[in-house]
Amino acid sequence: MADTITTRSKDYSQWYIDLVRSAKLADYSDVRGCMVIRPNGYAIWEKMQAALDRMFKETGHVNAYFPLFIPESYIAREAEHIEGFAPECAVVTHGGGEELAEKLYVRPTSETIIWASYKKWIQSYRDLPILINQWANVVRWEMRTRLFLRTSEFLWQEGHTAHATKEEAAEEVLRMISIYKKFAEEYMALPVIMGKKTDSEKFAGADETYCIEALMQDGKALQAGTSHHLGQNFAKAFDCQFQTCEGRLDYVWATSWGVSTRLIGALIMAHSDDRGLVLPPKLASRQVVIIPILRGDKAAVIEQAEAIACSLKKHGIPAFVDSSEQNSPGWKFAEYELQGIPLRIELGPRDIAEKKCIAARRDTLEKTELTLDDSLPLEVSEILNTIQQNLYDRALLFRAEHTVEVSDYEEFKHSVENGFVIAHWDGTAETEAKIKEETKATIRVLPEEDDYISAYAMHEPGTCIYSGRPAARKVVFAKAY
RNA sequence: CGGGGCAUGGCGCAGUUGGUAGCGUGCCUGCUUUGGGAGCAGGAGGUCCCGAGUUCGAGUCUCGGUGCCCCGACCA
């Protein structure tokens with residue numbers, strides 16, 4: 001018997017772990033809370049990186065790299081920042097066998113070390129804006145970890161920009177959260193709600209935090225990306241002033257934004273099923289697997305399979321043939337379904353005689369016949385597009401079916417177990433905290449998208465779900481990862 | 001940091017009142033197979049987490065460590 005995965009209905013959390021490990025995406029390491037990202041998992045990250053990196057560059061950003069180690073004094077510069085991050089930092093106290101004069105923090109995020117450089121680089125408004133992104137690893141000493149979703153070390157990208165005006169920084173914050181939304185929806189086939197965080201859910205050191213929130217199959221929300229307006233907080237902490245075009249001195253305005261390997265977790269939990277991973281074609285490094293049925297004239301079957309792979313590759317579709325005789329076709333079907341290859345083509349002597357092949361979709365498990373002629377690459381390409389679209393539509397439908405609007409607190413408590421709950425909030429941190437304490441649900445997002453706002457009449461005044469006081473607007477609640 | 005659980009071939013597990021360490025799967029060799037995780041035969045692979053103790057004898061009992069996983073509080 002091969003690996004079996006716990007079903008989602010039996011134990012969602014165990015299903016997730018089983019899937020990650022049996023699809024060979026990641027493995028536990030001997031270091032507490034740290035994981036090994038295996039080639040199958042890393043390939044997804046590389047596809048994500050490629051798409052995001054292109055979008056960043058198209059909007060004028062450049063890549064750079066800053067040190068892994070941050071002097072303790074830097075971390076301590078910004079009050080909220082150190083309060084938020086210091087408790088979960090790994091700290092280096094020795095180097096070269098000697099105790100260090102100043103402790104070095106392994107970066108939990110790089111605002112401080114980057115702003116130490118920006119201070120040196122910025123004198124005039126002519127030096128602005130600075131639009132830098134960094135691909136890096138960061139470390140946060142988490143209490144409890146989960147593969148991809150929360151590990152002590154993780155991979156991410158962090159953009160850090162510097163601007164002459166508050167407005168320009170605000171535009172950047174929105175530009176980047178919009179890119180994240182576009183990426184989530186177009187590449188990950190993952191519908192997300194874009195909007196603002198409440199003050200208590202904000203990034204440590206930010207004036208405003210924007211986020212994209214996604215819904216997983218178990219009804220829990222996952223923050224998939226964030227973009228922060230840092231105001232002048234870090235510029236002030238690092239004494240970073242510039243001369244404006246009017247000749248005045250002013251502090252620089254800052255943003256930072258990031259997504260991490262957590263996106264891989266989001267991808268898994270949004271689309272996959274009890275047979276294993278389901279990958280959107282745009283993030284699959286291998287989109288088509290061709291499985292020859294080796295009987296009769298084996299060489300002829302393999303030759304035909306290779307020919308198909310070759311013609312697909314010529315049309316930009318990454319395809320490969322598994323002609324090994326060590327495993328049966330049935331084994332291969334199951335294995336590549338587990339790995340989430342979007343499309344499988346089965347090809348045997350019977351098919352070749354009839355000039356056709358079988359195509360099996362991973363998302364629906366449907367099998368269809370395709371004709372073996374020059375139109376094949378085009379047909380395959382269309383199926384892949386259909387799969388990509390279907391995954392998005394399916395996830396969007398799921399979200400719609402798991403979003404409810406409530407005005408009664410008892411109903412709220414019940415509904416919040418199943419997905420997003422839209423309700424009126426009086427705008428106070430006290431109410432937010434009480435609700436979290438009683439239900440473990442948090443305010444995920446104050447939506448900023450017109451479509452979403454009008455669909456749920458988010459700006460309609462009403463009565464707070466908890467306090468009964470007047471509420472200016474509705475917000476989106478959920479239990480979160 | 002609180003509560004629970006686990007530690008035995010690569011992986012998953014069993015191991016009775018303390019008495020020669022086993023099963024499934026995977027791996028290697030060969031043959032037969034191949035349209036939904038193939039069959040037969042042969043084979044390799046173990047400081048039973050670490051340390052002390054009890055005992056003629058400890059995977060098993062006692063004490064002390066360590067590590068990991070799960071459930072909560074913190075978090076992308």
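Note that the structure is a prediction, hence the values are computed from the model and not measured. The sequence lines fix the lettering, A, B, ..., with proteins before strands; numbering per chain opens at 1.
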Side chain of [X], heavy atoms from C-beta onward: which of [options] has the nearest atom to it?
{"X": "E88(A)", "options": "U34(B), C75(B), G36(B)", "answer": "C75(B)"}
{"X": "R140(A)", "options": "C75(B), G35(B), G36(B)", "answer": "C75(B)"}
{"X": "K367(A)", "options": "G35(B), G37(B), G36(B)", "answer": "G36(B)"}
{"X": "K440(A)", "options": "G72(B), C75(B), U34(B)", "answer": "G72(B)"}
{"X": "E337(A)", "options": "G72(B), G35(B), G36(B)", "answer": "G36(B)"}
{"X": "W331(A)", "options": "G72(B), G37(B), U34(B)", "answer": "G37(B)"}
{"X": "L338(A)", "options": "A73(B), G35(B), G37(B)", "answer": "G37(B)"}
{"X": "S13(A)", "options": "G36(B), A38(B), C71(B)", "answer": "C71(B)"}
{"X": "Y28(A)", "options": "G36(B), C70(B), U34(B)", "answer": "C70(B)"}

Check the distance between [N]'s [atom2] and [X]'s [atom1] and give it to me in whole angstrom.
{"X": "D27(A)", "N": "C11(B)", "atom1": "CG", "atom2": "P", "answer": "10 Å"}
{"X": "I5(A)", "N": "U25(B)", "atom1": "CD1", "atom2": "C1'", "answer": "16 Å"}
{"X": "R344(A)", "N": "G37(B)", "atom1": "CZ", "atom2": "C1'", "answer": "12 Å"}

Shortest non-hydrogen contact from C211(A) toward T226(A) =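 Closest approach of C211(A) to T226(A), heavy atoms only: CB-CG2, 4.2 Å.
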Counting any heavy atom closer than 4.0 Å, what does [X] reach on the DNA or RNA strands: base, sugar-phosphate only, or nothing?
{"X": "I17(A)", "answer": "sugar-phosphate"}
{"X": "P349(A)", "answer": "base"}
{"X": "L263(A)", "answer": "nothing"}
{"X": "T442(A)", "answer": "nothing"}
{"X": "E142(A)", "answer": "base"}

Hey, does the side chain of S328(A) come within less than 4.0 Å of A38(B)'s phosphate (OP1/OP2), counting only N and O?
->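 Checking S328(A) against A38(B): at least one side-chain N or O falls below 4.0 Å of OP1 or OP2.
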CD1 of I291(A) to NZ of K332(A): how many Å apart, nearest 0.5 Å?
->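 Going from the CD1 atom of I291(A) to the NZ atom of K332(A) covers 6.5 Å.
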Got a second to check how far I132(A)'s CD1 is from F66(A)'s CZ, nearest 0.5 Å?
->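 Those atoms lie 4.5 Å apart.
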Nearest-nucleotide comparison on RNA chain B, the residue closer to the 5′ end among Q14(A) and R150(A) =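 It is Q14(A), whose closest nucleotide lies nearer the 5' terminus.
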With pairs taken as Watson-Crick or G-U wobble and both distances under 3.5 angstrom, which stems of at least three consecutive pairs involve RNA chain B?
->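 The stems are B:1-7 with B:66-72, B:10-13 with B:22-25, B:27-32 with B:38-43, B:49-53 with B:61-65.
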On a whole-Å scale, what distance lies between the C1' atoms belonging to U60(B) and G18(B)?
->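 After rounding to an integer number of Å, I get 6 Å for this pair.
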Would you call E430(A) and K434(A) a salt bridge, taking side-chain N to carboxylate O under 4.0 Å as the test?
->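 No salt bridge links E430(A) with K434(A).
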